[in-house]
Amino acid sequence: MRFIIRTLAAAVALWVAIQLVDGIDVAAPSNSARYWGVLLVVALIFGVVNAIVKPIVKSLGCAIIVLTLGLFLLVINAAMLLLTGWIAGQLDIPFHVDNFYPAAFWGAIIVSLVSWLLGLFIPDND
């Protein structure tokens, strides 16, 4: 159940980023079942990318993260969103991130903030 709630929270975070950032698009009719289905699938892809690829990139870039006092994590988050857009394109899912800056960069910041805010309301059953 917690997985479903977190996936829904990620879909909402992606929706907020789509609304606020030019360059992040879903090519489906707004507020249709297909639109929200695409957001759910992209949230799943984003979760898989963050679970598998992000730890590898963070461990390889550990020295740069320390040298930049953690600011390089913004670049890594943007790259994960850009990678999610690329994977969605390869799977013919109508989700697109135009470029690294400003679309992926600001989109990743918004997704992180909204996910964090929604995470405050999701009960932690650990």
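- In this structure, the side chains of Ile87 and Phe46 stay at 4.5 Å or more apart for every pair of heavy atoms.
- Between Trp15 and Ile18, every side-chain heavy-atom pair lies at or beyond the 4.5 Å cut-off.
- Closest of all the heavy-atom pairs between Arg34 and Ala27 is NH1-O, 3.7 Å.
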Decide yes or no on side chain to side chain contact (heavy atoms under 4.5 Å, CB included) for Ile64 and Val75, but give the supporting numbers first.
CA-CA 11 Å; Ile64 297 172; Val75 174; over 6 Å; no
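- Among all heavy-atom pairs drawn from Thr7 and Leu40, the shortest one is CG2-O, 4.3 Å.
- Shortest non-hydrogen contact noted between Lys54 and Asn77 is NZ-OD1, 2.6 Å.
- Counting heavy atoms from C-beta outward, Val42 and Ile93 have side chains that approach closer than 4.5 Å.
- A continuous path of hydrophobic side-chain contacts links Leu82 to Leu71 [ILVMFWY only; heavy atoms under 4.5 Å].
- The local environment of CG in Asn99 is crowded, with over 12 non-hydrogen atoms from other residues, nucleotides or ligands closer than 6.0 Å.
- Atom CH2 of Trp106 and atom CD1 of Ile110 lie 8.5 Å apart (nearest 0.5 Å).
- When the side chains of ILVMFWY residues are joined at heavy-atom separations under 4.5 Å, either directly or via intervening members, Trp86 and Tyr101 end up in a single hydrophobic cluster.
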Show your working on side chain to side chain contact (heavy atoms under 4.5 Å, CB included) between Leu8 and Val12 and close with a plain yes or no.
CA-CA 6 Å; Leu8 290 173; Val12 169; 5.6 Å; no
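- Shown here for Ala43 and Ala11, the closest heavy-atom pair between the two residues is CB-N, 3.7 Å.
- One finds the CG atom of Leu83 at 6.0 Å from the CE atom of Met80 (value rounded to the nearest 0.5 Å).
- Here the CD1 atom belonging to Ile65 is positioned 6.5 Å from the NZ atom belonging to Lys58, to the nearest 0.5 angstrom.
- By the rule that hydrophobic residues join a cluster once side-chain heavy atoms approach within less than 4.5 Å of another member, Leu113 and Val111 end up as members of one cluster.
- Annotation: side chain of Ile24 is in contact with side chain of Phe95 (closest heavy-atom distance under 4.5 Å).
- In this structure, Leu20 is a member of the same hydrophobic cluster as Val114, with clusters built from ILVMFWY side-chain heavy atoms closer than 4.5 Å.
- Ala103 and Asp22 get closest at one heavy-atom pair: CB-O, 3.8 Å.
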Derivation of the side chain to side chain contact (heavy atoms under 4.5 Å, CB included) call for Leu91 and Val41:
CA-CA 11 Å; Leu91 298 174; Val41 171; over 6 Å; no
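- For the pair Ser30 and Tyr35, the tightest heavy-atom approach, listed with the atom from each and the gap, is CA-CD1, 4.0 Å.
- Residues Val97 and Leu44 are members of separate hydrophobic clusters, defined by side-chain heavy-atom contacts under 4.5 angstrom among Ile, Leu, Val, Met, Phe, Trp and Tyr.
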Step-by-step side chain to side chain contact (heavy atoms under 4.5 Å, CB included) determination, Leu81 to Leu14
CA-CA 10 Å; Leu81 185 59; Leu14 286 166; 4.0 Å; yes
